[in-house]
Amino acid sequence: MKYQSIAVAVATLASSVSAFPTLADQVLQGGSLEETAARMMAKRQGGSGIPDNTKTFDPKTQYVSTSGVHAYKAPTEDDQRGPCPGLNAMANHGYLPHNGVGNHLQFIQGTYEVFGMAPDLSGFLTVLGATIDGDGLSWSIGGPSKALDPITIGGLLGQPQGISGSHNKYESDVSPGRGDLYQAGDDFTLQMDRYQALYDMGIANNDEITLAILSKHRSNLFDQSIAKNPYFFNGPFTGVLVQPAAYSFIYRFMSNKSAEHPAGKLNTEILNSFFGVKKNADGSLTKLPGQERIPENWYKRAVGDEYSIPYLNTDTVLAATQYPKFLDVGGNTGKVNTFAGLDLDNLTGGVYNTKNLLEGDNLACFASQFAQQVAPDLIRCSSVLGDITSALTGLNSQIATSFASLSCPKLTKPLSGQFTKFPGYSNLNCKTGQYK
Ligand code: HEM
Ligand SMILES: *[C@@H]1O[C@H](CO)[C@@H](O)[C@H](O)[C@H]1NC(C)=O
Ligand SMILES: *[C@@H]1O[C@H](CO)[C@@H](O)[C@H](O)[C@H]1NC(C)=O
C-alpha cells in the first residue's frame with residue numbers, strides 16, 4: 001500500500017515536476033506519506049530535510065490520564081456531543097466541560113493536553129467555531145445548548161447552533177465517518193458503512209491504519225458523494241481544509257505514540273475506542289453513540305512535535321498530489337454525477353490555481369482567506385451576535401496570529417462566490433443549518 005501510493009503520487013507529478021520542484025523533490029525521495037511529510041516539515045524548519053527519527057519518546061509527558069478526574073463518564077441527555085470524535089472523547093473524559101460547551105482557553109488547553117495540537121491550529125479552529133457556531137467566546141461541540149442561552153448574550157435574534165448545525169460553514173460532505181447531510185438527514189451520526197470500510201482496510205493492512213489508507217478511504221467516499229448525493233458540495237474552506245483535517249487527524253492524533261513508533265501507530269482497537277464502536281464476539285461492530293473514549297494506556301504526540309497549521313497543510317498537499325480531485329471546489333448541480341468544478345483562477349482573481357495551490361503554504365492560505373472573507377455573511381445569517389464588528393475583529397486577529405508563520409499571497413480582489421448553482425449550498429437554511 002505504502003509503496004503503491006507513492007508511485008502514483010510520483011506519476012502524477014512527473015509531468016509537472018518543474019512546476020513545483022520542492023514538493024516533487026520530496027516525493028521522489030520515496031518512502032511512506034508519513035516519512036515524506038516529516039521530511040518536508042524538517043526542511044521547512046530549516047533542518048537537513050531528514051526526518052527526526054531521534055525524537056525521543058517520553059512516556060511521562062505523553063501519557064494521557066483516563067482515571068481520577070479524567071475517568072470516562074458517559075454524557076447525559078443535556079450534554080452536547082456532535083460530529084467530532086476527538087472533542088466528544090475529550091468531553092467524556094473531563095478534558096472539556098462535560099456539557100460539551102467550552103471557551104477558547106478550554107479548547108486550546110484540552111486539545112494540547114490530550115492530543116498535542118499546536119496552538120496556531122487550535123486557536124484558529126476554536127475562534128472560528130465560536131464566531132460562526134457560538135456566541136463569539138464559547139461554542140457547542142454538538143447542537144444548540146442551554147448553556148448558551150441567547151438572552152444572556154444581549155440583544156440577540158437567534159440561538160447558536162453548535163458545530164452539528166454548521167454544514168458548509170464548518171461541517172463538510174465526505175466525512176470519514178459521518179454522512180453527507182442531505183443523504184443521511186444529519187451530519188453528526190456515525191454511519192457504520194463508512195466506518196466499516198475504513199476498519200476493513202485497516203484489518204487488511206495488518207491491523208494498521210496509515211495516511212495512505214485514510215486517503216484511499218477519502219477518495220472512495222468522494223466518488224460516492226458524486227455518484228449518490230445530488231446535493232454534494234465541496235466548499236473552498238470546508239472541502240479544501242476541514243475535510244482533509246478530519247482524515248489526517250485520525251492518524252496524526254489518534255495513533256498511539258511509543259519508543260518504537262514515535263510518529264504513532266494506529267490499530268483498529270484504538271480507532272474503535274475513539275469512535276465509540278464496540279467489537280462483538282463474532283467480530284461484527286456496533287456503535288455506541290456518545291461513548292467515544294480515550295484508550296487506556298495511550299500516548300499522545302511528543303512535546304515539541306505538535307501538529308500545526310503548516311503540518312496540516314503538508315499532509316493536505318500530499319493527499320491532493322495523489323488525488324487531485326480533492327481540490328475540486330464545486331458540487332453536483334441537483335442530480336447525481338453532475339459534479340461541476342469552479343475555476344480557481346476565476347474564483348480568486350488569478351491569485352490561485354490548481355497547480356500553485358500545491359506550492360508552499362498556498363492551500364491553507366486560500367482556505368483560511370475564504371473562511372475569513374465569508375465570515376461576515378455567516379455571522380449575519382446565523383444572527384447570533386448583535387455586534388458583527390467585534391466578532392470579526394477577534395477572528396481577524398486570530399487568523400493573523402495563527403497564519404503568521406505562513407507566507408500567503410495577497411488577494412487582489414474579493415473572492416467571488418459563484419455557488420448559487422449548487423443546491424447543496426443554496427438550499428441550506430443558514431440559520432438552522434438544515435436543508436429547506
Ligand atoms: C478545536 C478543535 C476542533 C474543532 C473545532 C473540530 C471540529 C470538527 C468539525 C466541525 C468536524 C466535522 C467535519 C466534517 O464534516 O467532517 C470534525 C470532525 C472530526 N474531527 Fe474534529 N475538531 C477539533 C479537534 C479535533 C481533534 C483534537 C481530533 C482528534 C482526533 C479531531 C478529530 C476529528 C475527526 C476524526 C473527525 C471526522 C469524524 C467522522 O467523520 O466520523 N478533531 N471536527
Ligand atoms: C501504546 O504503545 C505502548 C508501547 O508500545 C503500549 O504499551 C500500549 O499498550 C499502547 N496503547 C494502546 C492503547 O494500544
Ligand atoms: C469568471 O466566471 C464568471 C462566471 O462564469 C464570468 O462571468 C467571468 O467573466 C469570469 N471572470 C474571469 C476573470 O474569467
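When a ligand or atom number is given, it counts from 1 through the structure's own listing order. We use all heavy atoms of the structure for the numbers below, so side chains are in, but hydrogens, waters and symmetry mates are not.
- Both the sub-6.0 Å distance and the 45° axial angle are satisfied by Lys300 relative to the ring of Tyr112.
- The shortest N or O to N or O distance between Glu296 and ligand 2 is not under 3.5 Å.
- Relative orientation of the Tyr307 and Tyr311 rings is tilted, given thresholds of 30° and 60° on the angle between their planes.
- When only interatomic distances are considered, the shortest N/O to N/O separation between Gly177 and ligand 1 falls below 3.5 Å.
- Polar contact with ligand 1: absent for Ser166 (N/O pair, distance under 3.5 Å).
- We find the CG-CD1 distance between Leu128 and Ile163 to be 11.0 Å, quoted to the nearest 0.5 Å.
- In this structure, NE2 on His217 lies 7.0 Å from CD1 on Ile250, to the nearest 0.5 angstrom.
- The OH atom of Tyr170 sits 5.5 Å away from atom CZ of Phe237, with the distance rounded to the nearest 0.5 Å.
- Looking from atom 9 (O) of ligand 2 to the surrounding protein, the closest heavy atom is Asn297 ND2, 3.3 Å.
- The closest approach between a heavy atom of Pro176 and any atom of ligand 1 is below 4.0 Å.
- The shortest contact between atom 27 (C) of ligand 1 and any protein heavy atom is with Phe115 CD1, 3.4 Å.
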side-chain contact (heavy atoms from CB on, under 4.5 Å) between His261 and Phe57, intermediate numbers included: CA-CA 9 Å; His261 302 284; Phe57 171 72; over 6 Å; no
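- Checked against a 3.5 angstrom limit, the closest N/O atoms of Ser175 and ligand 1 fall inside it.
- In this structure, Ser215 and Tyr323 have side chains that are in contact, with non-hydrogen atoms separated by less than 4.5 Å.
- Per-residue contacts place Ser172 under 4.0 angstrom from the following atoms of ligand 1 (heavy atoms of the residue considered): 14 (C), 15 (O), 16 (O).
- Counting heavy atoms under 4.0 Å from ligand 1, residue Trp139 touches it through the side chain alone.
- Less than 4.0 angstrom separates some heavy atom of Pro295 from each of these atoms of ligand 2: 13 (C).
- Ranking protein heavy atoms by distance to atom 5 (O) of ligand 2, first place goes to Glu260 OE1, 3.3 Å.
- The nearest heavy-atom contact from the protein to atom 24 (C) of ligand 1 is Met117 CE, 3.7 Å.
- When Tyr251, Phe274, Tyr95, Phe249 are each tested for a ring pair (Phe, Tyr, Trp, His ring centres under 6.0 Å) with Phe115, only one passes: Phe274.
- Residue-ligand proximity, Ala246 to ligand 1, at heavy-atom distances under 4.0 Å covers atoms 16 (O), 34 (C), 35 (C), 36 (C), 37 (C).
- Here the CG atom belonging to Asp173 is positioned 7.5 Å from the CG atom belonging to Leu181, to the nearest 0.5 angstrom.
- The protein heavy atom nearest to atom 4 (C) of ligand 2 is Ser258 CB, 3.8 Å.
- Listed by number with element, the atoms of ligand 1 under 4.0 angstrom from any heavy atom of Ile250 are 35 (C).
- Checked against the 6.0 Å centroid threshold, Phe233 and Tyr182 do not count as a close aromatic pair.
- For atom 9 (C) of ligand 1, the closest heavy atom belonging to the protein is Ile163 CD1, 4.1 Å.
- Scanning the protein heavy atoms around atom 13 (C) of ligand 1, the nearest turns out to be Val242 CG1, 3.8 Å.
- Within the structure, the closest approach of Tyr195 to ligand 1 does not fall below 4.0 Å when heavy atoms are considered.
- Counting heavy atoms from C-beta on, the side chains of Ile141 and Arg81 come closer than 4.5 Å.
- Nearest protein heavy-atom neighbour of atom 25 (C) of ligand 1: Cys84 SG, 3.6 Å.
- Protein heavy atom closest to atom 4 (C) of ligand 1, with residue, atom name and distance, is Leu87 CD1, 3.7 Å.
- Nearest protein neighbour of atom 36 (C) of ligand 1, counting heavy atoms only, is Pro85 CD, 3.6 Å.
- Contacts between Leu128 and ligand 1 below 4.0 angstrom, taking non-hydrogen atoms only, are absent altogether.
- Among Asn267, Asn256, Leu266, the residue whose heavy atom lies nearest to atom 12 (C) of ligand 2 is Asn256.
- Distances between N or O atoms of Thr111 and those of ligand 1 include no value under 3.5 Å.
- Remark: among candidates Phe275, Phe249, Tyr170, the nearest residue to atom 10 (C) of ligand 1 is Tyr170, based on non-hydrogen atoms.
- In summary, the side chains of Asn396 and Gln372 do present a donor paired with an acceptor at a separation below 3.5 Å, with no hydrogens or angles considered.
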side-chain contact (heavy atoms from CB on, under 4.5 Å) assessment of Leu358 paired with Leu327: CA-CA 10 Å; Leu358 294 172; Leu327 299 182; 3.9 Å; yes
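- Residue His261 places no heavy atom under 4.0 Å from ligand 2.
- Protein heavy atom closest to atom 2 (C) of ligand 1, with residue, atom name and distance, is Leu125 CD1, 3.8 Å.
- Ring centroids of Tyr352 and Phe370 are separated by 6.0 Å or more, keeping the two rings apart.
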As a quick check of understanding, evaluate ring pair (Phe, Tyr, Trp, His ring centres under 6.0 Å) for Phe275 and Tyr199, giving each step before the final call. CA-CA 11 Å; Phe275 271 88; Tyr199 180 95; over 10 Å; no
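- The proximity of Arg194 to ligand 1, defined as any non-hydrogen pair under 4.0 Å, does not occur for either the backbone or the side chain.
- Under the 4.5 Å side-chain criterion, counting only non-hydrogen atoms from C-beta, Val329 is not in contact with Asn234.
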